Amino acid sequence: MKVIFFGTPDFAVPFLYKLINSDEIKIVGVVCQKDKPVGRKSVITPPATKTLAIKHNIPVYQFNSLKKDDVKNTLSEINADMYIVVAYGKIIPQSILDIPKFGSINVHPSLLPKYRGPSPMQEAILNGDKQTGVSIMLLDSGMDTGPILEQISIDLDSNDTYITLEKKVHAVGPSLLVKTINEYVSGKKTPVNQATSDTAVTRLINRTDGLIDWDKTAIQIDRQIRAYKPWPGAYTYINMHNKKLRLKIFAATFSEKQNKTKSGTITFNKAIEISTGKGTLLITELQLEGKQKMNADAFIKGHIDINGQMLIK
RNA sequence: CGCGGGGUAGAGCAGUCUGGCAGCUCGUUGGGCUCAUAACCCAAAGGUCACCGGUUCAAAUCCGGUCCCCGCAA
């Protein structure tokens, strides 16, 4: 079966890899976003899926927009049987989704209809869910509203970050996708419409979503740190040497202990304790602007003078 | 030429503006104290102040250049 893969970032790579190595499926094209400048030196870098595709001599397509007619013609000429979409990065017009005879299949890392939209994994962590999952579904014109072919649940614990959750998704998602495709194509799988309850849509995450509000509870801040790791990352600001410096927080734990000091106050007490709106956040790994990432112990050794200072917004 | 911070003992940092004995919090080693300890006291070892050149009686510090690390932005 000939398949075109729509996907762009690292998240899509394990899925593409699994499909390439699948016997029944032949990837005849990869559609991804354009090469973009990355890093301090603005090196033009191809998307992760493009790199993998080139390695396997698969044609790569990077359209400015999918709405143009010549795009439709180009894709039609490939005559693929199915499109598979994993984190492509843009909305794909219905006219394109309808081209292949088996339609277009999407992977969404949540238990749909819960957490439709762009940030399902982050939202599950922010809400402290004990469980999330992966859904394999047919694409329709709505935002993650298509009928579901298969779902699998994933357990979340209180240490999971976006990074570890992504690993869990990658551990089960790709093989579930291949299995579901084969069952669907051979008629063993019937799409089931999504339930109409609990259909809130997650929002696109901004850079500034990582800014910590110390008036929130320690539990909420801990979740924020885990959900936004590694991007955009949780951060706050601190005054040092008469400058306002960004302080990134990579890992923390929390305790119920309520400090009497104002929210955002730093106390060195073997650990870096920060007062919050409710409870105390214990920072374990952090990075000061211009410095390397380090653990709390090392940070305290060199910054004993900021004991008692306030973190700011 | 996108903006900015940094490189000083094993770790984390101050000192640089205003040139004048290489410092701080730890760690390590040895000793002491203690029923005991990650506590406390005493002592010691440990430095190419990133690299190259210049100015100076004198450079971590001032000037020129090079390399490396990092934050922001895109």
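Chain identifiers are assigned alphabetically (A, B, ...) following the order of the sequence lines, protein sequences preceding nucleic acid strands; residue numbering begins at 1 within each chain. Quantities reported herein were computed from a predicted structural model and do not represent experimental measurements.
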Flag, side chain of A:N21 to backbone of A:Y17, donor-acceptor distance under 3.5 Å: yes
Assigned partner base of B:A44, Watson-Crick or wobble definition, under 3.5 Å: B:U28
Span that lies between the P atom of B:C3 and that of B:A44, in whole angstrom: 50 Å
Rounded distance (nearest 0.5 Å) linking atom CG of A:D213 with atom OG1 of A:T276: 10.0 Å
B:A74 and B:U28, which share atom name C1', separated by this distance in whole Å: 46 Å
Length of the line joining A:L211:CG and B:G71:P, which is rounded to integer Å: 17 Å
Nearest-angstrom distance, P atom, B:U61 to B:C21: 14 Å
Distance between C1' atoms of B:G20 and B:A43 (Å, rounded): 29 Å
RNA chain B: 5'-proximal contact among A:H241 and A:S42 (nearest heavy atom): A:H241
Side chain to side chain donor-acceptor pair (under 3.5 Å) partner of A:T145, the single match among A:T199, A:D140, A:N193: A:D140
Spacing between A:D35 atom CG and B:A74 atom C1', to the nearest angstrom: 15 Å
Distance below 4.0 Å between A:R40 side-chain N/O and B:G71 OP1 or OP2: yes
Spacing of the P atoms in B:G5 and B:C62 (rounded, Å): 14 Å
Any side-chain heavy-atom pair of A:I163 and A:P230 under 4.5 Å: yes
Base-contact (B) and sugar-phosphate-only (S) positions in nucleotides 23-28 of chain B, heavy-atom cut-off under 4.0 Å, - elsewhere: --BS--
Nucleotide forming a Watson-Crick or wobble pair with B:G20, both distances under 3.5 Å: B:C57
side-chain hydrogen bond (donor to acceptor under 3.5 Å, both in side chains) between A:D198 and A:Y115, worked out: CA-CA 8 Å; A:D198 207 1; A:Y115 303 143; over 6 Å; no
Any pair counted as salt bridge (Lys or Arg N to Asp or Glu O under 4.0 Å), so long as it reaches residues 169-178 of chain A, sequence neighbours left out: none
For A:T261 against A:S275, the heavy-atom pair lying closest together: OG1-OG, 2.5 Å
Complementary nucleotide of B:G71, counting Watson-Crick and G-U pairs under 3.5 Å: B:C3
Gap in Å between the two C1' atoms, one belonging to B:C63 and one to B:A73, rounded: 31 Å
P-based separation of B:G46 from B:A22 [nearest Å]: 15 Å
Nearest listed nucleotide, side chain of A:H303, among B:G2, B:G6, B:G12: B:G12
B:C49: pairing nucleotide in any strand, Watson-Crick or G-U under 3.5 angstrom: none
Rounded P spacing from B:G23 to B:C49 in Å: 14 Å
A:K248 vs A:K243, nearer the 5' end of RNA chain B by closest nucleotide: A:K243
Minimum-distance nucleotide to A:A298 side chain [options: B:G6, B:A11, B:G71]: B:A11
Criterion side-chain hydrogen bond (donor to acceptor under 3.5 Å, both in side chains) on A:T236 and A:W214, from CA distance to verdict: CA-CA 9 Å; A:T236 184; A:W214 293 105; 3.0 Å; yes
